[in-house]
*Asks:* 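Handing you this structure, nothing more for now.
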There are 2 protein chains.
Amino acid sequence: MTDNKLITPKKLQGFWELMPKEQMLFSSLLEKIEKVFVENSFLPLDTPVLEYSETLLAKSGGDTDKEIYRFTKGSTDMCMRYDLTVPLARFVAMHKNELNFPFKRYQIGKVYRGERPQKGRFREFYQCDADIIGDGELSVVADAECVRLFEKCYNALDLDVTIEVSNRKILSGYIEEINKTDKTIDILIVLDKIEKLPMEEILHQLEEIGLDKNQRETIVSIIKTSGNIKEVSEKLKKISKNELFLSGLAELEQIDNLLSAMGGKKIIYNLAIIRGHNYYTGTVFESFLTGKRELGALGGGGRFENLCGYFSKDKMPGVGMSVGITRLFNLLMQENYFDLFQTNEIECAVINFDDTLLPSMRVVEQLRQSGVKADCFYENKSFKSKMKEANRRQVKFVIIVGENEVNTNMFTLKNMTTGEQATMLLSDIVETIKSDRMASLTLSNRN
Amino acid sequence: MTDNKLITPKKLQGFWELMPKEQMLFSSLLEKIEKVFVENSFLPLDTPVLEYSETLLAKSGGDTDKEIYRFTKGSTDMCMRYDLTVPLARFVAMHKNELNFPFKRYQIGKVYRGERPQKGRFREFYQCDADIIGDGELSVVADAECVRLFEKCYNALDLDVTIEVSNRKILSGYIEEINKTDKTIDILIVLDKIEKLPMEEILHQLEEIGLDKNQRETIVSIIKTSGNIKEVSEKLKKISKNELFLSGLAELEQIDNLLSAMGGKKIIYNLAIIRGHNYYTGTVFESFLTGKRELGALGGGGRFENLCGYFSKDKMPGVGMSVGITRLFNLLMQENYFDLFQTNEIECAVINFDDTLLPSMRVVEQLRQSGVKADCFYENKSFKSKMKEANRRQVKFVIIVGENEVNTNMFTLKNMTTGEQATMLLSDIVETIKSDRMASLTLSNRN
């Protein structure tokens with residue numbers, strides 16, 4: 001092959017790819033979240049990345065269409081999934097008679113949106129979704145379970161997160177009371193900007209939609225309601241007697257009772273949580289790093305009326321949650337949350353000489369079977385350059401396997417951080433490395 | 001929405017999707033294999049599913065092209081990956097200066113091949129790949145490490161597998177000796193069919209390629225060499241003195257020594273292992289269920305000369321292994337390897353009454369925090385129908401939470417298999433469920 005035939009290696013623009021050590025960290029986050037899902041009796045699903053376009057486009061419209069990766073192969077018109085919810089709907093509609101309801105499923109997988117590349121947004125990213133789907137009806141207990149599950153995900157990642165919960169029926173009830181249901185979407189679009197625009201601008205836009213002064217002030221007062229359930233409930237009860245409004249509030253109170261029983265801790269109620277315009281109908285919630293609300297929501301979820309409406313006559317209400325793990329990981333990297341140096345694929349490097357390769361590999365194997373991440377620098381290099389390599393790669397321990405060590409079955413263990421070294425049996429080496437590992441863990445938890 | 005607008009929910013033809021319980025089993029296989037990779041100091045990589053077509057098609061040709069999912073979006077010509085090796089090559093070529101060599105990476109991910117659907121073949125399937133890449137050169141120790149890693153993957157799955165190893169240099173050396181290097185691919189294509197066609201047909205085809213009687217018999221004799229290293233070595237040493245031939249044999253012997261040191265067990269040498277026609281250049285290996293060779297290879301791997309030839313002038317030799325996990329899983333399902341009934345997302349169902357919902361959810365939470373997979377049947381149904389549901393879903397334990405139980409803090413645990421029931425503290429319930437779990441595990445291992 002000649003040079004001028006070489007292809008420049010490039011990753012697709014807007015796509016996300018981590019270096020191995022960062023990937024180790026990211027994978028460990030996924031693993032922790034998956035563990036939470038499993039412990040809470042959610043079942044795994046792993047739908048194909050591709051679906052028939054007819055299936056995927058059933059629900060979407062407007063902007064989403066342009067973002068979708070859609071193509072034909074042979075006579076098949078297909079798309080890459082842009083979320084994990086439509087594939088869930090397709091799956092549930094197909095297999096309704098084989099599933100137990102409420103059907104609790106989780107899926108952790110990549111989704112695709114060909115949007116304009118921008119900071120913190122990727123064209124391929126992970127979603128960690130868990131949903132509970134009912135057959136015909138679904139108790140509000142499921143909503144509480146989802147909120148609690150959501151909280152547990154962040155706890156598993158050792159993150160101090162506050163979950164803000166609302167119920168869309170409260171706002172919808174008030175809009176119904178003032179006879180503006182035909183303007184619901186317009187109103188929600190304005191209210192969704194309440195944290196971004198000045199209040200006079202919000203009030204002005206509400207006026208343009210046709211809300212009178214009293215209505216404008218009341219709706220803003222609803223949206224600005226937040227606190228513990230008692231505070232929120234007392235304030236809202238004075239505002240409206242609309243049935244839908246009161247049923248939303250009652251659900252909020254019930255969820256609070258359930259969350260207390262289920263050990264929910266960092267949960268507050270905030271009527272400013274809306275989450276989009278048409279999908280959610282009851283409970284809605286979002287998560288924020290405690291004290292860092294300005295960084296934006298880390299994920300969210302809520303109750304929807306009917307999962308499978310496009311595929312089936314059967315009404316299947318559901319409630320779901322989604323951790324935006326790709327965005328969260330990038331945020332945590334940026335906030336220096338991780339100690340990359342603690343992440344090493346090698347805990348102990350075994351240094352061999354030409355004539356001790358086989359016993360060195362035996363040592364590596366014994367260490368691995370004892371749960372120590374050991375590796376041998378077996379490439380044909382000098383002792384000095386192997387020690388340098390161990391240092392450069394920040395390997396904590398080194399074992400030197402010379403002829404003498406092989407004959408006596410005693411090996412020299414060197415702690416590369418402290419410089420200490422001692423000659424001992426392999427079993428003692430394993431103990432030393434494991435104690436050091438425990439000590440480092442304790443230390444890093446204390447910091 | 002009216003009925004006639006409903007879309008029939010369908011999964012794309014030829015795509016694979018498991019029901020949740022099967023998915024639990026499949027996920028557990030992936031998890032076990034990933035654990036082996038991590039314990040052996042391989043680093044994770046998670047490249048995008050999409051790549052520039054220029055990148056992915058650099059290497060492929062012929063049939064692969066037709067199978068590839070290729071499309072354009074805007075002005076970008078892209079493909080879904082058809083293996084995990086080309087993305088690895090692209091990654092290594094891009095980041096060579098940031099990586100440590102030998103670079104040990106694993107990737108577990110889906111790949112896409114739009115081939116004609118047929119039994120046991122899917123258009124989207126998982127590969128579990130691990131490779132060791134050298135910079136300029138790579139010791140044969142890496143080959144041994146890969147073979148041993150490959151064996152460990154199957155051990156982790158509790159499968160009795162035999163690994164058959166060969167070295168392509170042996171055959172290439174003999175072909176060189178008889179001056180037929182220009183016919184190498186033709187010869188390999190014929191030899192690859194040695195287990196499928198009658199011997200006279202093989203000999204006839206070799207004759208057509210231009211091998212004389214002695215050459216045909218010798219090459220068949222090489223291919224039919226198998227056994228332990230001593231047997232293989234003794235037989236082959238008599239056949240040729242060609243340098244390449246002897247260096248292949250020497251590598252095989254060295255790998256055997258290394259594998260012994262590294263605890264390799266079920267390894268034999270079989271010169272019939274060829275693995276394709278142009279990619280591998282040295283060590284090659286495949287795995288078979290012991291005693292069920294007729295089911296075909298479960299996976300394989302080998303040594304290649306240069307990973308990044310299409311992207312870089314630097315020579316980067318490598319050795320890799322791949323477990324064909326989608327095919328393996330289907331084979332194991334078909335062979336009734338799994339006990340699906342042992343797989344349950346719920347170990348313990350909590351049965352509440354209308355007035356004990358909150359304490360029931362508290363019990364569920366306490367069980368979950370103690371590591372018991374508990375769930376509450378909170379839908380508003382009768383006691384009888386909840387017990388029936390527990391039975392139908394083969395939940396092993398049921399806890400009944402009535403008013404009396406809540407007042408006394410003592411709960412009734414019922415073992416649904418034996419019918420036994422007893423009233424006890426929650427902490428004792430946890431102990432009972434965990435002991436039963438251990439006992440079942442021991443029992444199932446003994447079978």
Side-chain angles (χ1 to χ4, degrees), chain A residues 1 3 6-7 9-12 15 17-20 23-24 27 39-41 43-52 54-55 58 69 71 73 78 90 93-94 98 100 102 105 110 114 124 139 141 257-258 261-263 309-311 313 345-346 358 361-362 365 368 373 375 378-380 393, chain B residues 1 3 6-7 9-12 15 17-20 23-24 27 39-41 43-52 54-55 58 69 71 73 78 90 93-94 98 100 102 105 110 114 124 139 141 257-258 261-263 309-311 313 345-346 358 361-362 365 368 373 375 378-380 393:
Chain A
M1 176 171 309
D3 281 12
L6 289 180
I7 291 161
K10 280 182 310 199
K11 173 176 64 66
L12 273 170
F15 281 66
E17 181 172 75
L18 292 171
M19 293 302 287
Q23 185 63 47
M24 279 174 85
S27 302
E39 284 170 354
N40 286 274
S41 296
L43 284 163
L45 208 59
D46 183 8
T47 61
V49 165
L50 294 171
E51 297 273 356
Y52 284 112
E54 187 190 49
T55 304
Y69 289 94
F71 60 96
K73 187 167 171 65
M78 55 188 120
R90 191 263 305 148
M94 274 176 79
E98 303 150 70
N100 296 312
R105 91 84 179 78
K110 289 174 166 180
E124 177 187 63
S139 161
V141 183
N257 281 331
L258 284 158
M262 296 163 80
Y310 295 91
F311 303 113
K313 286 183 296 181
E345 77 279 19
I346 307 179
L358 289 182
M361 292 310 290
R362 192 173 292 123
E365 182 64 24
R368 284 176 181 169
K373 287 205 272 180
D375 218 342
Y378 47 68
E379 290 298 319
N380 203 6
R393 290 174 67 170
Chain B
M1 176 171 311
D3 280 11
L6 289 181
I7 292 160
K10 281 181 307 200
K11 173 176 65 65
L12 273 169
F15 281 66
E17 181 173 74
L18 293 170
M19 293 303 288
Q23 184 63 46
M24 279 174 87
S27 302
E39 283 170 354
N40 287 273
S41 296
L43 284 163
L45 208 59
D46 182 8
T47 61
V49 165
L50 293 171
E51 298 273 355
Y52 284 112
E54 187 189 49
T55 304
Y69 289 94
F71 60 96
K73 185 165 172 67
M78 55 188 120
R90 192 263 306 148
M94 274 176 78
E98 303 151 70
N100 296 312
R105 90 86 179 78
K110 289 173 165 181
E124 177 187 62
S139 161
V141 182
N257 281 331
L258 284 158
M262 295 163 79
Y310 296 90
F311 303 113
K313 286 183 296 178
E345 77 279 19
I346 307 178
L358 289 182
M361 292 311 288
R362 193 173 292 122
E365 182 64 22
R368 285 177 180 168
K373 286 205 275 180
D375 218 343
Y378 47 68
E379 290 299 319
N380 204 6
R393 291 174 66 170

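Note on naming: letters A, B, ... go to the chains in the order of the sequence lines (proteins, then strands), and numbering restarts at 1 for each one. Small disclaimer: the values here were computed from a predicted structure and weren't measured.
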*Asks:* So what's closer than 4.5 Å to chain A heavy atoms on Asp46(B): side chain, backbone, both or neither?
*Replies:* both

*Asks:* May I ask you to say whether Arg105(B) pairs ionically with Glu345(A), meaning some side-chain N is under 4.0 Å from a carboxylate O?
*Replies:* no

*Asks:* Measuring heavy-atom distances to chain B, does Leu45(A) have an atom under 4.5 Å in its side chain, in its backbone, in both, or in neither?
*Replies:* both

*Asks:* Tell me, out of Thr55(A), Leu18(A), Asn100(A), Leu258(A), who's got the most heavy-atom pairs with chain B below 4.5 Å.
*Replies:* Asn100(A)

*Asks:* For the pair Glu39(A) and Arg368(B), evaluate side chain to side chain contact (heavy atoms under 4.5 Å, CB included) and give the outcome as yes or no after the intermediate values.
*Replies:* CA-CA 7 Å; Glu39(A) 284 170 354; Arg368(B) 285 177 180 168; 5.7 Å; no

*Asks:* Give me the ring orientation class for Phe71(B) and Phe71(A): parallel if the planes are under 30° apart, tilted from 30 to 60°, perpendicular past 60°.
*Replies:* parallel

*Asks:* Is Lys73(B) in contact with chain A via its backbone, its side chain, both, or neither, using a 4.5 Å heavy-atom distance?
*Replies:* side chain

*Asks:* Shortest non-hydrogen contact from Phe15(B) to Leu50(A)?
*Replies:* CZ-CD1, 3.7 Å

*Asks:* Just by modelled atom types, is the Val49(A) backbone N or O under 3.5 Å from a matching donor or acceptor in the Glu124(B) side chain?
*Replies:* yes

*Asks:* Measure from the side-chain N and O atoms of Glu379(A) to the backbone N and O of Ser139(B), and report whether any donor-acceptor pair falls under 3.5 Å.
*Replies:* yes

*Asks:* If you apply the rule side chain to side chain contact (heavy atoms under 4.5 Å, CB included), what do you find for Glu98(B) with Met19(A), and how did you get there?
*Replies:* CA-CA 9 Å; Glu98(B) 303 151 70; Met19(A) 293 302 287; 3.6 Å; yes

*Asks:* Nearest heavy-atom pair of Met94(A) and Pro9(B): which atoms, and what distance?
*Replies:* CG-O, 3.2 Å

*Asks:* Can you tell me how far the CD1 atom of Ile7(B) sits from the CZ atom of Phe311(A), to the nearest 0.5 Å?
*Replies:* 6.0 Å

*Asks:* Which answer fits Lys10(A), side chain, backbone, both or neither, if we ask what part of it has an atom under 4.5 Å from a heavy atom of chain B?
*Replies:* both

*Asks:* Side chain from CB out, backbone as N, CA, C, O: work out which of these in Glu365(B) comes under 4.5 Å of a heavy atom of chain A, or both, or neither.
*Replies:* side chain

*Asks:* Specify the closest pair of heavy atoms between Leu12(A) and Glu51(B), including all atoms of both residues, with the distance to one decimal.
*Replies:* CD1-N, 3.7 Å

*Asks:* Any idea which of Glu17(A), Arg362(A), Lys373(A) has the most non-hydrogen atom pairs under 4.5 angstrom with chain B?
*Replies:* Glu17(A)

*Asks:* Side chain to side chain contact (heavy atoms under 4.5 Å, CB included), that's the test. Do Leu43(A) and Gln23(B) meet it? Break it down for me.
*Replies:* CA-CA 8 Å; Leu43(A) 284 163; Gln23(B) 184 63 46; over 6 Å; no

*Asks:* Apply side chain to side chain contact (heavy atoms under 4.5 Å, CB included) to the pair Arg90(A) and Lys11(B), showing each step before the final yes or no.
*Replies:* CA-CA 8 Å; Arg90(A) 191 263 305 148; Lys11(B) 173 176 65 65; 3.9 Å; yes

*Asks:* Give me the atom names and distance for the closest heavy-atom approach of Thr47(B) to Lys110(A).
*Replies:* O-NZ, 3.1 Å

*Asks:* Heavy-atom distance under 4.5 Å to chain B: side chain of Met78(A), backbone, both or neither?
*Replies:* side chain

